[in-house]
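None of the values given here were measured: they were computed from a predicted structure. Residue indices begin at 1 and follow the sequence shown.
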Amino acid sequence: MSYINKIMTKKGTTRWQCRWNVPNPGGDPKERSKNFATQKEAKAHAVQMAEIENRGVGDPRKHDLAGYLRGWLAHLREREDLAPTTIEGYERNVIYATHHIGRIALEKLAPLDLDRLYTTLMKQGGAPRKDGKPSRPLSRRSALHCHRMLHTALEQARKWKLIAHNPAADATPPSVPHKKARGYTEDEIARMLKAGEDNPEGYCVLALLLTTGIRRSELLGLGLDTIDLDKATLDIRRTVTQVKNKAVVREVAKTKSSYRTLGIPAAVVLLLRQQKARVLESALAWGSEYSREPMFLFPGLAGVPMQPMSLTLRLRQFRRRAKIPADVQPVHGWRHSAATMLIATGTDVKTTQSRLGHSTPVITLQLYADQVSEQDRAAGEALAGYLPQKNKP
């Protein structure tokens, strides 16, 4: 409870002291005090502190933003709920933010501070580079990622009752123009498959990406334990991502909807049987040095998980050999192609969503609205066939 006292200083002047308790999420409340020249100022401050005390909000450790974000990151690492790539992205954006505004007290951080940060990042960049050269200005998208990290971190601070309000909620992040990603055209798909014909493993990768639409991390997480060639199915339950030039295996898929079982066509089953034989032959040749837990379907050297960037570089070579423009992503472009063709051939959005592993059909609709609109228009034309002849043009 806040209250004020009239005190005398050593110099004999009268001061008014406001005393109040600061909520401590980890223990008993901590008492603080502040002196004022007038009783009016002390009372006004007491009212503010009483509101904070009643709402149970306060930062007893007086974190600055940098100190809080370090603790928040440590908490996330300890929980191990997020993918390593997500943590890596948060770490990078924490460096950007704290370089410019890390010394601001957490309790005093305002939306204006964040708006100025985003502008600074786009003009000056983040922290200086390791080679001593000045950092490059960040793109609008990179500044937006920094905002999203801060919003998540500060929202957790609000939930922990360290601050009363999330300043990022009122900040204005930079807008990013929507850039529609494209997939391979039918002609480009044929040329890519032709370019991979002399590489059996690479050709199998292309065929699997085309017919399943799975993500790069999901493809590299496939193992002999996740495919059933007799039933012609594969399970998505493991991913391989890359963090600081190291392949990281994660047994938990991106979301609940990412954990799924997909049917695979007979032509791809044949390719997978051949790939399985190559993996087993390689394991036999390496002997005890071969990594077998798990046995990856598309492994790196000696059976270790393949680094995602290695797969991207391989498919980039196929793309170059097929003389396809670089505006289509070498791996993720296949996912867009699969989704586009599924919808174009009449597959409903719910089935497409489940096959791609999107968390909701809304995401599928947002990403492939043009294809859905074309299908919807065709459906309308089909229903128009029931109209009397006189109503037709």
Side-chain heavy atoms under 4.5 Å apart, restricted to Ile/Leu/Val/Met/Phe/Trp/Tyr: what other residues fall into the cluster of Met309, or is it alone? Leu313
Identified side chain to side chain contact (heavy atoms under 4.5 Å, CB included) partner of Pro294 from the options Leu224, Thr226, Val249, Asp225: Asp225
Ser291 and Val304 have their tightest heavy-atom pair at CB-N, 4.0 Å
Per side chain to side chain contact (heavy atoms under 4.5 Å, CB included), Val248 is matched among Ser217, Pro308, Pro84, Pro305 by Pro84
Check: Asp115 side chain, Thr172 main-chain N or O, donor-acceptor pair, under 3.5 Å: yes
Do Arg215 and Ile236 have side-chain heavy atoms sitting under 4.5 Å apart? no
Nearest heavy-atom neighbours spanning Gly126 and Leu121: CA-CD2, 4.0 Å
Are Glu155 and Arg158 close enough for a salt bridge, meaning some N to O gap below 4.0 Å? yes
Whether Tyr184 and Trp334 hold their rings parallel, tilted or perpendicular, with breakpoints at 30° and 60°: tilted
Answer whether the closest heavy-atom distance between the side chains of Pro200 and Arg278 falls below 4.5 Å. yes
Report yes if some heavy atom in the side chain of Ile163 is under 4.5 Å from a heavy atom in the side chain of Leu109; otherwise report no. no
Return the minimal non-hydrogen interatomic distance between His147 and Ala168, and the atom names on each side. CE1-O, 3.4 Å
Mind checking whether Tyr68 and His63 have parallel, tilted or perpendicular rings, split at 30° and 60°? perpendicular
Those residues at least two apart in sequence (or on a different chain) that pass ring pair (Phe, Tyr, Trp, His ring centres under 6.0 Å) with Tyr203 are none
Please say yes or no: joined through hydrophobic side-chain contacts below 4.5 Å, possibly via intermediate residues, are Leu229 and Leu280 part of one cluster? yes
Glu197/Lys194 salt bridge by N-O under 4.0 Å criterion: yes
Here the side-chain hydrogen bond (donor to acceptor under 3.5 Å, both in side chains) pairs for residues 311-332, sequence neighbours left out, are Arg182-Asp327, Asp198-Arg321, Glu201-Arg314, Arg216-Thr312
In plain terms, say whether Arg77 and Glu91 are close enough for a salt bridge, that is, a side-chain N and a carboxylate O under 4.0 Å apart. yes
Check ion pair Glu218-Arg260 (N to O, under 4.0 angstrom): yes
ILVMFWY cluster, Leu315 and Leu193 together (side-chain gap under 4.5 Å): yes
Distance-minimising heavy-atom pair for Val269 and Ala232: CG2-CB, 3.7 Å
Heavy atoms of Cys18 and Phe36 approach each other most closely as CB-CE1, 3.9 Å
Backbone N or O of Leu297 within a donor-acceptor pair of the Gln275 side chain at under 3.5 Å? yes
Any non-hydrogen side-chain atom of Leu106 less than 4.5 Å from a side-chain atom of Leu154? yes
Flag side-chain contact, heavy atom, 4.5 Å: Met192 against Leu210: no
So, taking the atom named OG1 in Thr261 and the one named CG in Asp235, what distance separates them when rounded to the nearest 0.5 Å? 3.5 Å
Hydrophobic cluster membership, Leu144 vs Val94, 4.5 Å side-chain cutoff: no
Give a yes or no on whether Leu76 and Trp160 share a hydrophobic cluster (residues Ile, Leu, Val, Met, Phe, Trp, Tyr; joining criterion: side-chain heavy atoms under 4.5 Å apart). yes
If you compare all heavy atoms of Phe318 against all heavy atoms of Gly202, which two are closest, and at what distance to 0.1 Å? CE1-CA, 3.9 Å
Using modelled atom types only, decide if a donor and an acceptor are shared between the side chain of Thr152 and the backbone of Arg148 within a distance under 3.5 Å. yes
Does Glu289 reach the main-chain N or O of Ala302 with its side chain, forming a donor-acceptor pair under 3.5 Å? no
Please report the C-alpha distance between Arg19 and Gln17 in whole Å, then the side-chain angles of each, then the deciding distance to 0.1 Å, and finally whether the side chain to side chain donor-acceptor pair (under 3.5 Å) criterion is met. CA-CA 6 Å; Arg19 304 183 71 87; Gln17 185 181 71; 3.0 Å; yes
Any sub-3.5 Å donor-acceptor pair from Gln39's side-chain atoms to Trp16's backbone N or O? no
If we ignore hydrogens and angles and just use 3.5 Å, is the side chain of Asn166 paired with the main-chain N or O of His151 as donor and acceptor? yes
Under the 3.5 angstrom rule, does the side chain of Arg140 hit a backbone N or O of Ser175 as a donor-acceptor pair? yes
If the threshold is 4.0 Å, N to carboxylate O, is there a salt bridge linking Asp230 and Arg273? yes
Joint cluster assignment, Leu311 & Met295, ILVMFWY side-chain distance < 4.5 Å: yes
Would you say Arg292's side chain and Ala283's backbone share a donor-acceptor pair under 3.5 angstrom? yes
Using a 3.5 Å distance criterion without hydrogens, assess whether the side chain of Asp113 forms a donor-acceptor pair with backbone atoms of Ala110. yes
Any donor-acceptor pair under 3.5 Å linking the side chain of Arg335 with the backbone of Gly213? yes
